[in-house]
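All values below were derived from every heavy atom in this structure, side-chain atoms included, with hydrogens, water molecules and symmetry-related copies excluded. Below, read A as the first sequence line, B as the second, and so on, with proteins coming before strands; counting in each chain starts at 1.
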Amino acid sequence: MRHFDYARPASLAEAMEALRERGEGARPLGGGTDLLVQVKEGHRRPSALISLADVPELAGVHVDASGELRVGARATMQEIGDDATAQQRFSALADGASVVGSYQTRNMATIGGNVCNAAPSADTSPPLVVLGALAHVAGVNGERELPVQELWSGPGQTTLEPGEIVTSFVLPAPPAGAGSHYARHTPRKIMDIAVVGVASYVELDAGGVVQAARIALGAVAPTVVRAPQAEQALVGRALTEEAAAEAGRVAAGEARPISDVRGSASFRRYLVETMTRASVLRAAERARG
Amino acid sequence: MAKQAHRLTVNGREHDVYAEPSRSLLEVVRDELRLTGSKEGCGTGDCGACTMLVDGRVVTSCLVLWPEAEGREVRTIEGLAEGSALHPLQRAFVEHGAVQCGFCIPGMILAGVATLERTPHATREQIRDGIAGNLCRCTGYQKIVDAIESVAHASSNGEER
């Protein structure tokens, strides 16, 4: 591997200082499963990697008294996938974290890395979008928070300023009658990258009528995107097979996929239709408990 | 870049290592510590041949910077046998003819160890899931799964292997 400097700070303040000191060539290191491959293959040439492994402020998956979930940026895919609260209340996120890579990958890969690598196919990104996650960001000028989708500006591109790092994702407590789901299509079950990923979130009232719906699509645009018209097509009616099928058709029209080695644009559009239909039905099932 | 000094704990032994921080745990364990059981297949975390246990969890050591392992317990294939007594999984691999060229086997056995730690009475399905990050180009996996399953059955029967 091309040589670079390395530091393993013990606090967020030290990490911020290490990044500032070393300037623009320095990058934060999470699990390394994306970044070190990019370095080995020459796509990135960092002058220094600042390990976040010992930064306590970035650790863990915590639920507070109000039911809000705070996922530290260095929480691993395995930790998130195994978390009982994530599985029950933030199911789409547990779904996404559980399908990344292999056990080896999931023991290393962090959610901060998955999101900030900014791949449109990242499996935790559509779930974070539909669950309304806020990204908490620390930088030289203090902290800020923004909706997670505002972190991405294109494939591999984030809106983070030099020296800024994501510290956590905060997901609001879902109300009673809410359910969510994520699934992706891949030719292989593991160690593969989504051809299409679909996350959905629905809130049902006592009569089963949809009060709110959110749908996010992965790998069909330069960033993860919402499908607002498909969401609108669900609101105010019961989530029947027919309603789900309509949402799928509308979402397929909203996707802007490209053809590449993983699939053609028309295949991706077909996947968006069928996977959206299935996903909203599954989210509704979970909403009913 | 300047070399750095860190202490690694591998198979219960401490080693003071002085090397460039940009090297992988796999490289340092093989080239500095001379424990060459772990193999480099792809070098990009796809094949699992470099699998090690770090604090009991499987990782692809080709994608771990070696200083990241300081303060953690690293276990490699060399740490499984006790003296000349093979680990039950190693013996099962021999008994079931699960080894052909052998290149994937150190990683495969460690993935098996982690699978049985998580699910001691693992089903074939759970075993396949547990070794899904480890590629084998020789065996077709059947005998590998048979070998791991035999240890899972032995533990569910309360047998001492």
Side-chain angles (χ1 to χ4, degrees), chain A residues 1-10 22 25-55 74 76-79 81-82 98-110 113 186 188-193, chain B residues 1-6 19-28 40 42-72 107-108 110-115 117-119 125-135:
Chain A
M1 216 172 332
R2 193 177 166 277
H3 291 316
F4 44 78
D5 196 11
Y6 168 88
R8 189 166 151 186
R22 289 171 173 82
R27 288 189 69 85
L29 171 67
T33 55
D34 282 318
L35 181 55
L36 293 182
V37 175
Q38 291 160 5
V39 172
K40 284 186 174 196
E41 293 179 346
H43 302 305
R44 289 191 195 273
R45 299 169 181 283
S47 58
L49 293 185
I50 308 304
S51 168
L52 303 179
D54 285 345
V55 177
R74 74 175 172 88
T76 63
M77 296 295 145
Q78 195 66 37
E79 262 181 279
D82 285 348
S98 302
V99 297
V100 172
S102 60
Y103 275 104
Q104 285 91 330
T105 319
R106 292 192 295 277
N107 284 334
M108 302 161 74
T110 65
T186 49
R188 294 181 66 201
K189 195 173 157 197
I190 70 124
M191 286 313 285
D192 210 342
I193 291 171
Chain B
M1 288 295 161
K3 291 185 178 185
Q4 294 186 4
H6 298 277
E20 292 85 5
S22 53
R23 295 173 72 188
S24 70
L25 179 62
L26 176 66
E27 274 179 68
V28 164
E40 177 163 84
C42 64
T44 51
D46 293 295
C47 77
C50 66
T51 297
M52 294 181 190
L53 299 178
V54 174
D55 289 344
R57 295 185 192 92
V58 285
V59 302
T60 44
S61 63
C62 72
L63 293 183
V64 177
L65 296 182
W66 74 272
E68 293 274 284
E70 184 168 43
R72 313 223 147 90
M108 199 65 87
L110 289 169
V113 167
T115 303
E117 292 255 308
R118 201 167 44 240
T119 43
E125 185 71 15
Q126 288 168 324
I127 292 166
R128 287 186 175 280
D129 177 59
I131 62 169
N134 296 73
L135 295 180

Asks: Write down the atom of B:Gly45, the atom of A:Met191, and the distance for their closest heavy-atom approach.
Replies: O-CE, 3.2 Å

Asks: When you measure from the side chain of B:Gln4 to the backbone N and O of A:Tyr6, does any donor-acceptor pair fall under 3.5 Å?
Replies: yes

Asks: Counting heavy-atom pairs closer than 4.5 Å to chain A, which one of B:Thr115, B:Asp129, B:Val64 comes out on top?
Replies: B:Asp129

Asks: How many angstroms lie between CG in A:Asp54 and CD in B:Glu70, if you round to the nearest 0.5 Å?
Replies: 9.0 Å

Asks: Might you point out which heavy atoms bring B:Gly133 and A:Ser102 nearest each other, and give the distance in Å?
Replies: CA-CB, 3.5 Å

Asks: Taking side chain as everything from C-beta outward and backbone as N, CA, C, O, which of these in B:Leu65 sits under 4.5 Å from a heavy atom of chain A? Side chain, backbone, both or neither.
Replies: both

Asks: If you compare all heavy atoms of B:Gly130 against all heavy atoms of A:Tyr103, which two are closest, and at what distance to 0.1 Å?
Replies: CA-CE1, 3.8 Å

Asks: Please name the pair of heavy atoms, one in B:Glu68 and one in A:Arg8, separated by the smallest distance, quoted to 0.1 Å.
Replies: O-NH1, 3.2 Å

Asks: With sequence neighbours left out, which residue pairs that include part of residues 29-40 of chain A fulfil the salt bridge (charged side-chain N to carboxylate O under 4.0 Å, His left out) condition?
Replies: none

Asks: What part of A:Leu49 gets closer than 4.5 Å to chain B, counting heavy atoms only: side chain, backbone, both or neither?
Replies: side chain

Asks: Using heavy-atom distances under 4.5 Å, tell me whether B:Leu135 contacts chain A through its side chain, its backbone, both, or neither.
Replies: side chain

Asks: Without placing hydrogens or testing angles, list every side-chain donor-acceptor pair under 3.5 Å for residues 46-60 of chain B, not counting sequence neighbours.
Replies:
from, atom 1, to, atom 2, distance (Å)
B:Asp46, OD2, B:Thr44, OG1, 2.9
B:Thr51, OG1, A:Gln104, NE2, 3.0
B:Thr51, OG1, B:Gly48, O, 2.6
B:Thr51, OG1, B:Asn134, ND2, 3.3
B:Asp55, OD1, B:Glu73, N, 2.9

Asks: Heavy-atom cut-off 4.5 Å, strictly under: side chain, backbone, both or neither for A:Arg188 against chain B?
Replies: side chain

Asks: So which of A:Thr105, A:Ile190, A:Val39, A:Leu35 has the largest heavy-atom pair count under 4.5 angstrom toward chain B?
Replies: A:Ile190

Asks: Heavy-atom pairs under 4.5 Å with chain A - which of B:Ala114, B:Gly71, B:Gly43 has more of them than the others?
Replies: B:Gly43

Asks: A:Gln78 versus chain B, heavy atoms under 4.5 Å apart: side chain, backbone, both or neither?
Replies: neither

Asks: If you count the non-hydrogen atoms of other residues, nucleotides and ligands that lie under 6.0 Å from CD in A:Glu41, is the total more than 12?
Replies: yes

